[in-house]
Amino acid sequence: MDLRLELSEQGGWSVLQVGGEVDVATAPRLREHLIKLVNDQLFRVVVDLSGVDFIDSTGLGVLIGALKRVRTHGGDLTLVCTERRILKVFEITGLDGVFAIHETVDAAVAGE
C-alpha cells in the first residue's frame with residue numbers, strides 16, 4: 001500500500017498526518033519528512049497515525065529517531081492514534097510509555 005503524508009500547522013505545532021502503511025518500504029519517506037521538519041527548526045511535532053493501517057518495527061524506529069531529534073532541540077513529538085491494532089503495537093513494545101498518545105490532534109496540541 002501507499003504512504004500518504006500531509007503537513008499542516010495547529011496551535012504552534014507541526015501536524016503530520018500519515019495514512020496507509022508504515023513499513024520497511026515506506027518508512028524512509030516518513031523519516032525524510034520528519035528530518036526536514038527538524039532541519040526547518042520545527043521542534044513541536046504531532047504525528048497523526050489515525051489513518052495508518054499497519055506499522056512495523058522500521059516505522060516504530062523512525063518515530064523513535066524523530067522523538068530523539070526533536071528532544072535534542074528542546075522540542076517534543078506526540079502521537080495521535082485511534083486504531084486499536086496500531087495502539088496494541090505501541091502497548092506490546094512498551095512504546096506507549098515513551099510517546100504521549102492522544103485520540104485527537106486537538107488533544108495532542110492541548111497536551112491533554
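Since the model is a prediction, treat every value here as computed from it, not as a measurement.
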Distance-only criterion, 3.5 Å: show the donor-acceptor pairs between side-chain atoms of residues 31-44 and protein atoms not counting sequence neighbours.
from	atom 1	to	atom 2	distance (Å)
His33	ND1	Arg29	O	3.1
Lys36	NZ	Asp40	OD2	2.7

message: Apply the hydrophobic cluster definition, ILVMFWY joined by side-chain contacts under 4.5 Å directly or through others, and give me every member besides Val15.
response: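 Noted: Val15 shares its cluster with Trp13, Val46, Val80, Val105, Val109.
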field: Remaining members of the apolar cluster that contains Phe54, side-chain heavy atoms under 4.5 Å
entry: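 Its cluster partners, ordered by chain and number, are none at all.
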Which donor-acceptor pairs under 3.5 Å do side chains of residues 55-63 form with protein atoms, sequence neighbours excluded?
from	atom 1	to	atom 2	distance (Å)
Asp56	OD1	Thr58	N	3.0
Asp56	OD1	Gly59	N	3.1
Asp56	OD2	Val24	N	3.1

query: Do the side chain of Thr26 and the main chain of Glu21 share a donor and acceptor less than 3.5 angstrom apart?
result: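 Judged by distance alone, yes, a pair lies under 3.5 Å.
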- prompt: So does Lys88 pair up with Glu83, basic N to acidic O under 4.0 Å?
  reply: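 The answer is no: the pair does not qualify as a salt bridge.
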message: Show the nearest heavy-atom pair for residues Thr78 and Ala100, with the distance to one decimal.
response: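 Nearest pair, atom of Thr78 first, then Ala100: OG1-O, 2.9 Å.
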- prompt: More than 12 foreign heavy atoms under 6.0 Å from CD of Glu103: is that the case here?
  reply: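 Atom CD in Glu103 is not crowded, with 12 or fewer foreign heavy atoms closer than 6.0 Å.
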Let me check something: any side-chain donor-acceptor pairs from residues 66-77 under 3.5 Å, sequence neighbours excluded? List them with distances.
from	atom 1	to	atom 2	distance (Å)
Arg69	NH1	Gly65	O	3.4
Thr72	OG1	Lys68	O	2.8

- prompt: With a 4.5 Å limit on heavy-atom distance, are the side chains of Ile101 and Leu87 in contact?
  reply: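 Touching, per the 4.5 Å side-chain cut-off.
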message: If you define the side chain from C-beta out and look only at heavy atoms, does anything of Leu5 sit under 4.5 Å from Leu30?
response: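 Touching, per the 4.5 Å side-chain cut-off.
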- prompt: Residues two or more places apart in sequence or in another chain: which of them pass salt bridge (Lys or Arg N to Asp or Glu O under 4.0 Å) with Glu9?
  reply: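 Not a single residue meets the salt bridge (Lys or Arg N to Asp or Glu O under 4.0 Å) criterion with Glu9.
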